[in-house]
There are 2 protein chains.
Amino acid sequence: MTKRQANATTADTREKLMRLAARAFGTQGYAATTMRGIADQAGIEAASIYYHFSSKEALLDAVMEHGAQSIFAHTQARIAALPPGASAEQRFRAGLLGLFSAMLKYGDYTLAHGRQLAELPDKVRERQIKRRAQHQDFWHGMLEDLHTEGGLREDIDIALCRVFILSTITSVQTWFNRKKSSPEKVVDELCTILFEGVRPREVRKPARRAQAVAS
Amino acid sequence: MTKRQANATTADTREKLMRLAARAFGTQGYAATTMRGIADQAGIEAASIYYHFSSKEALLDAVMEHGAQSIFAHTQARIAALPPGASAEQRFRAGLLGLFSAMLKYGDYTLAHGRQLAELPDKVRERQIKRRAQHQDFWHGMLEDLHTEGGLREDIDIALCRVFILSTITSVQTWFNRKKSSPEKVVDELCTILFEGVRPREVRKPARRAQAVAS
DNA sequence: GTCTATAGATTGATAGAC
DNA sequence: GTCTATCAATCTATAGAC
């Protein structure tokens, strides 16, 4: 309300640096990313970054926290936007779509977040391990609700089910093509596979199957 | 047959270096891994590595190729070991188990192979992109065979199905616990989810589901 | 085959002017 | 807030002895 013109504020620069750093960390890795490289893209000198962040590690930490928090908040917002009394399956589907679209919306941060944890400095890594555990617990709870509601077979391993879903969606940047499909359609197809399975229910081609086995 | 004692041969040293490098690249990333670090673990000096590999990049390239080739060969061997005339589903399941166990058997290489491609030097990255495409084509073919045999519903997107399976299995190092389960059991459970889906077939608790939707 | 020694380049970070 | 200048550390890679 006070000032917001071509005049770049400290907060703006800080945000720009984080976004550029996120992309660099995500595409090149933490160690391969240089402060000079980030500074070049921001149009400033490397030394100037240290006015906003005390070290390369502090910059990484800010990027990782901001990314994880943004993605998780976006997911939960989608669920919260459902009408009250929504079923567990509706909440589950809304959550998946929320996570999926968040992975795309915060693409730069997604890449950074998706990197192997082992590469990160100890402090940052430990925080991210906790974050990841919280995220998994959240989805574990979603699946338990689904189970309680009667939407999950008794013989299904919830942990494996969670891996199935999350490994697919969190790797979305490596396979999703915006021009070929939409998040809504993909999540719907994903849920069809997950809930209904891929095997045809009515047996219409027993001959072909028998033939293949025999030949 | 000529010599194989405490006397380390060139091939032995080369292999040891590759294994140590694979683990280092996989856990720390390419840029963060130093030749000194690898040499320390091998019990030699950094300069000595250059007798076996012309550069750090050449070492990486050897590691990536050896890993990818080992894992793929192991997968295909499992399929080839099936009795002749095995069904597409049997081949599919054998392939999954082969890939799963290969990911564990070549654990050090798996980590290196699983890293984001963007981090790698251009030459190595391009080779790995081709490798990855070949691997995806292979599994695409497996799913098409399954479809031809009548084991796949018409409305299932094969590409999405492939992502579903491969993203789960190739991330196995991040979630599989040898002490809690076995590769055979996990692959079996995975196939149950994939083929049959997770939703109960007989509707036994309509009251509960209706209640949840209504309240 | 492995060593010692070192060249040559790059990096994260600081000091102080403006 | 951003700059210039620079330091100290670390890295890949090479040269040549053994």
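Lettering follows sequence order; numbering is per chain, from 1.
Side-chain atoms of B:I44 lie closest to C:dT2 of the nucleotides C:dA13, C:dT2, D:dT2. The side chain of A:S48 approaches D:dC3 more closely than any other nucleotide in the set D:dC3, D:dC11, C:dA13. Distance from the side chain of A:Y50 is smallest for C:dA13 among the nucleotides D:dA13, C:dT4, C:dA13.
Whole-Å rounding puts the A:L59 CG to C:dT11 P distance at 16 Å. Between the CE atom of A:M35 and the C1' atom of C:dT10 there is a distance of 15 Å, given to the nearest Å. Note: CG (B:D40) to P (D:dC11) measures 10 Å, nearest angstrom. If you take NZ of A:K16 and P of D:dT2, they are 9 Å apart, rounded to a whole angstrom. Atom C1' of nucleotide D:dT12 and atom CZ of B:F25 are separated by 12 Å, given to the nearest angstrom.
For the OP1/OP2 pair of D:dT14 and a distance below 4.0 Å, the side-chain nitrogens and oxygens of B:S55 include no atom meeting the criterion.
Between A:K123 and A:D61, none of the side-chain N atoms (NZ, or NE/NH1/NH2) sits under 4.0 Å from a carboxylate O, so this pair counts as no salt bridge.
Toward the 5' end of DNA chain D, the nearer of the two residues A:R36 and B:T33, judged by each one's closest nucleotide, is A:R36. Map B:Y51 and A:K56 each onto its nearest nucleotide of DNA chain C; the residue landing nearer the 5' end is B:Y51. In terms of position along DNA chain C, the nucleotide closest to B:E45 lies nearer the 5' end than the nucleotide closest to the other residue of the pair B:E45 and A:S54. With the nearest nucleotide of DNA chain D identified for both B:E57 and A:H52, A:H52 has the one nearer the 5' end.
Rounded to the nearest 0.5 angstrom, B:H74 NE2 and B:L97 CG are separated by 8.5 Å. B:M64 contributes atom CE, which lies 10.5 Å from atom CZ of B:R131 (distance to the nearest 0.5 angstrom).
When heavy atoms are screened at a 4.0 angstrom cut-off, A:A47 is found touching base atoms of the nucleic acid.
In terms of heavy-atom proximity, A:G98 sits nearest to A:R78 at CA-CG, 3.5 Å. Nearest heavy-atom pair, A:T33 versus A:K56, reported as atom, atom and distance to 0.1 Å: O-NZ, 2.8 Å.
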